[in-house]
Amino acid sequence: MKAAVVVFPGTNREHDIANAIALTSGAKPAMVWHGDSELPKVDLIVIPGGFSYGDYLRCGAMAAHSPVMREVKTRAEKGVPVLAVCNGFQVAAEMGIVPGTLMRNAHLQFVCGDVHLKVETSQSLFTNRYQQGQIIRVPVAHAEGNYFVDNDTLKRMEDRGQIALRYCGADGDLAAGNPNGSLRSIAGVFNETKSVLGMMPHPENAIEPRFGGTDGKALFESLVAAIA
Amino acid sequence: MNAPEKNPPVKLPNEPVITPQVVAEHGLAPDEYQRLLRIMGRDPTMVELGIFSAMWSEHCSYKSSKVWLKKLPTQAPWVICGPGENAGVIDIGDGQAAVFKMESHNHPSYIEPYQGAATGVGGILRDVFTMGARPIANVNALRFGDPSHPKTRHLVSGVVAGIGGYGNCMGIPTVAGETNFHRAYNENILVNAMTVGIAPADRIFYSAAAGLGNPIVYVGSKTGRDGIHGATMSSAEFSEDSESKRPTVQVGDPFVEKLLLEACLELMATDAIVAIQDMGAAGLTSSSFEMADKGELGVELHLDRVPMRETGMNPYELMLSESQERMLMVLKPGREEMARKVFEKWELDFAVIGTLTDTRRMVLRWHGDVVANIPIPPVVTQAPMYERPWTETRLPSTLAIADVPAPKDYGAALLKMIGCPDLASKAWIWRQYDHLIMGNTAIRPGGDSAVVRVAANKPKALAITSDCTPRYCAAHPETGGRQAVAEAWRNLTAVGARPLACTDNMNFGNPTKPEVMGQFGGCITGMAEACRALDFPIVSGNVSLYNETEGRPIMPTPVIGGVGLLADVEGCVDIALREAGLALVLVGETKGHLGQSIFLREVHGREAGAPPPVDLTVERRNGDFVRGQIGAGHVAACHDLSDGGLLIALTEMAMAGATGATIEAPGDIAPHAWLFGEDQGRYLLATARPDAVIAAAARAGVPARRIGTSGGGALTVEGLMAISLSELRRSHETWLPAYMAGEAA
Amino acid sequence: MKARVHVTLKNGVLDPQGKAIGNALHRLGFPEVGDVRQGKFIELEIEETDQTRAKARLDEMCRKLLANTVIENYRIELVA
Amino acid sequence: MKARVHVTLKNGVLDPQGKAIGNALHRLGFPEVGDVRQGKFIELEIEETDQTRAKARLDEMCRKLLANTVIENYRIELVA
Ligand SMILES: Nc1ncnc2c1ncn2[C@@H]1O[C@H](COP(=O)(O)OP(=O)(O)O)[C@@H](O)[C@H]1O
Ligand SMILES: [Mg+2]
């Protein structure tokens, strides 16, 4: 699996996710600077976490307009898989390659710590190594992860199975464990064709037993299985 | 001095006349001004006066503390660079070095908690990456006033948001810290921030300028009027009108600092940099003096070339501005364009603003005219240095156990203690800090030390902690100083690490008061003894004086930031009691010392007696033993005993691992003294091999006895109390969130 | 020329900041406060003397960057 | 009654957001943009009919919560 990780000024989780990809796929991803207009031909594009442009104005807004993102959008429209995590999700939402938007956390604070997630489907490039309904534990770290989308779109997304992950309690209770006030506890969503996944939690920080557990690993293994 | 000066400065348009009042406003005492006149051989210009005032401020000159700081041990075979540079550097093997330091931002944080704390973090990060290190962990040691004080909640919320705001954006995990509340800090909170970084041991960057004619380069953000007089402000005692000094507050831009970090590290990978120094307190003034003085050279700067954020700025402002996210560098000749490209790629300002000369003078030009011309060495060597009078704090008499009644209800006492502001969970704080980024955090906040792997896919890790028990320091500074070092050392040991070195942040009151100076000296004496006895040198540090409001000094607070090494992160242990059936082994001797204890304060409302004595020989022996047992794989969980004593430690272990325990008090000591005494040098181990551990302890001459067993959903002290973990957790976890949500203190 | 841009959330879009401010004001003893909405206020200097052109350019800036038109409205004001 | 509050940074105080927005606009092809400053815009409903009293209460809200008077200025506007 050949992957490219797009790096903006202020991105800071690019090494974490590059590591996770290298560890699971055996190949180091290419790091692509936002100013480059060339995006190598790859099987997977990753938009990593961080504070691109300081999260100023609106998180993700400035990065969404980086030169390289035009090409990312074109490729995404052609079906190249895109994994957009945390700030990457915010960027992807700003670009419109996944529906919805990420608002300030309802409690207005940055939140870092483990959350539980319910995997809503195993029928995707990103989740085929999980069981549908599986409860996993991975960390979050964000101040703007409060997912919002209008009712009509939400209904369509739910009908089409575009909800990838929801926050829940350790026992899968969807009424618990929402760390940021997200609508319907949504933690991750697909685009219509399920080739793009935007998610707030950090699977890349849950790949080693000593360092937050291994529940995030299957996400990368799913990609390797589906792509390579 | 008598020969006519070669380049006498011109005055700026509308320059005020220097009156005694102007001198006083610059924080210079009359005799200090006389000293200035002797050095200059003439009246200074305003720019020059401003420079002297900054260089001779307490903050930059350490004039009250220097004589004492010399007593601290700073050497060990693994120390690469001790105090005096931007940060301390130690060898951690495999060609790697750990670079770390702690720094205070107390006064700015009281005035504007968010920005004050944020720029404190920004400053300490720069200190570390200036030396060529990539930061891998942040630590914060916080002291707030009484929760019932009207400002406390606002200060907590702003400081925590500011620390998180800066560190999170930078992408550096904030992994450890401490948070105390006490009325002594009501109007003078303490915000101490520490950063630990990793650098190649043979690629450390220093600040000494070298190379006559080499270009001096300014990089980073533009200079604005931020914090002008910041350095003098943080050295002046707060008064009622401190609020009017508000506009000097600096605003941080962590996004720019992240770019600056990446740009500096990128340039450091080349051979372009001769010397580098961040612009911290007293900005361009102290950075240029420091570089020139250390390199025994002179400096000529064209201040009109400094990138400016505002129109109409003058040389005085440029020299004293404390705008953040700026660095000064000396480059090798001919490397300017290459360096410029790097900084422009990262969208940062870059300007060649001067050259190194051999005059040993600081010559500042403004559109060609000389506006300041100061001989450099005397400003440094003849800086005021005071041996201030001091009085000793006498050791209070030891409080006998018999003078401290047992609680009527042990369960109620425990619930009260575990939920009191000092012992309540600080999760509300660290959940706002990204403590997981980089994927290397093996032990998260909430234990004794944080453990952070040095690099992904490598086994080596650092243990990091910060510690101080101000109430001990107030009762008896020497014991308190000893205890702070010992506790940091113990916290590193408790995760299995070998303590290597520490940094300190000396927070004290007004040094012209003999009792404050006595506290300072006492703490230093105790720290020095402990550092020596534990082979735990101090490699960097910071002094913050004048921490008082309306005449009352804060409690003496010498914070110790400790760093230890774990060859293999897999070998570390944390405090969590995760399994039933483990034996609980108490290591160290328990006499039941209740003076200055949390039990005494929270249950009986008294702050009295002598602090627990610290026997450094015993401390070391017990610690070495515990580390050995962890290394041998005999230990499933370990917690050192500190605030609140044995029962608090056990409660924390039980809550952390969601497993209860049952213990039995021995018959030869009053149970409340045994459970809540704060005797030093002790650890509580959970082990599946109690016999091996106890036998090894006997061989090492270390007191160790089995006191109980893990298991169940409650904490039970036979015959005295039984209380469910959920009830304990409720008390422990609700106080801070409820308080911050606006509930009464 | 100087311009002012107000960016506000569309009706029906949840405003966590506004809500939190409202709650905080109640706690602080301002029970008379009802709905609160928080928006952005951006002041820009632009080198342009023609009002119409300035307005058109600002409109473009808003659509491209300053506002997220999925959830936000914007209003442009030119000042001398 | 409805009120509008503008909160802006004091002169001379660094505005990282404004700076970043200015840079982004340049990159997006708006070279005519000079200085940019970002502030907050808060709209509140208040149950109060007396203008003077409303103004006084709003002033208190600003000082207590809405503005950080150490670095920010505020301006209150009452709308019918
Ligand atoms: N401000 C803070 N930031 C991060 N962690 C904190 C903070 N305050 C306390 N902690 C964490 O809470 C735990 C308990 O702190 P403390 O009681 O001071 O520990 P100890 O007694 O072992 O020194 C530690 O893991 C410490 O790192
Ligand atoms: Mg401890």
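Just so you know, these numbers come straight off a predicted model, no measurement behind them. Hydrogens, waters and symmetry mates play no part in the numbers below; they use all other heavy atoms, side chains included. In what follows, chains carry the letters A, B, and so on, assigned in the order in which the sequence lines appear, proteins first and then strands, with residues in each chain numbered from 1.
- Under a 4.0 Å N-O distance rule, the pair B/D226/B/R326 does not qualify as a salt bridge.
- Only the side chain of B/N457 has a heavy atom closer than 4.5 Å to any heavy atom of chain A.
- If you measure heavy-atom distances from A/E204 to chain B, you find no contacts under 4.5 Å at all.
- Side-chain atoms of A/T74 come within 3.5 Å of backbone atoms of A/R70 as a donor-acceptor pair (strictly under, hydrogens ignored).
- Using a 4.5 Å cut-off between heavy atoms, A/Y53 touches chain B through backbone and side chain atoms alike.
- You'll find the side chain of A/I207 stays beyond 4.5 Å of the side chain of A/T24, heavy atoms only.
- Of the atoms belonging to B/L259, it is side-chain heavy atoms, and not backbone ones, that fall under 4.5 Å from chain A.
- To the nearest 0.5 Å, atom CD of residue B/Q432 and atom CD1 of residue B/I163 are 10.0 Å apart.
- With respect to chain B, the highest number of heavy-atom pairs below 4.5 Å among A/F51, A/W33, A/F211 belongs to A/F211.
- For A/N12, the parts lying near chain B are the backbone and the side chain together; criterion is any non-hydrogen pair under 4.5 Å.
- Contact annotation: the side chain of B/R126 approaches that of B/Q324 to within less than 4.5 Å [non-hydrogen atoms, C-beta and beyond].
- Annotation: the span from A/L174 atom CG to A/H116 atom NE2 amounts to 13.0 Å, rounded to 0.5 Å.
- Defined by atom type and a distance below 3.5 Å, a donor-acceptor pair is present between the side-chain atoms of A/Y56 and B/D253.
- Qualifying side chain to side chain donor-acceptor pair (under 3.5 Å) partners for A/Q90, counting only residues two or more places apart in sequence or in other chains: A/N87.
- Heavy-atom pairs under 4.5 Å with chain A peak, among B/P254, B/A427, B/C169, at B/C169.
- Atoms OG and CZ, from B/S323 and B/R309 in turn, are 5.0 Å apart once rounded to the nearest 0.5 Å.
- Between B/E262 and B/R134, at least one side-chain N (NZ, or NE/NH1/NH2) sits under 4.0 Å from a carboxylate O, which counts as a salt bridge.
- Within residues 133-141 of chain A, the residues having any heavy atom less than 4.5 Å from a heavy atom of chain B are, in residue-number order, A/P139, A/A141.
- Chain A forms more heavy-atom pairs under 4.5 Å with one residue of B/G439, B/G164, B/A161 than with any other, namely B/G439.
- For chain A, the nearby parts of B/V569 are the backbone and the side chain; heavy atoms of each come within less than 4.5 Å.
- Between B/E325 and the options B/E257, B/K222, B/K258, a side chain to side chain contact (heavy atoms under 4.5 Å, CB included) holds for only B/E257.
- For chain A, the option among B/L261, B/D434, B/N440 with the highest count of heavy-atom pairs below 4.5 Å is B/D434.
- Heavy atoms of B/A442 lying under 4.5 Å from chain A belong to its backbone as well as its side chain.
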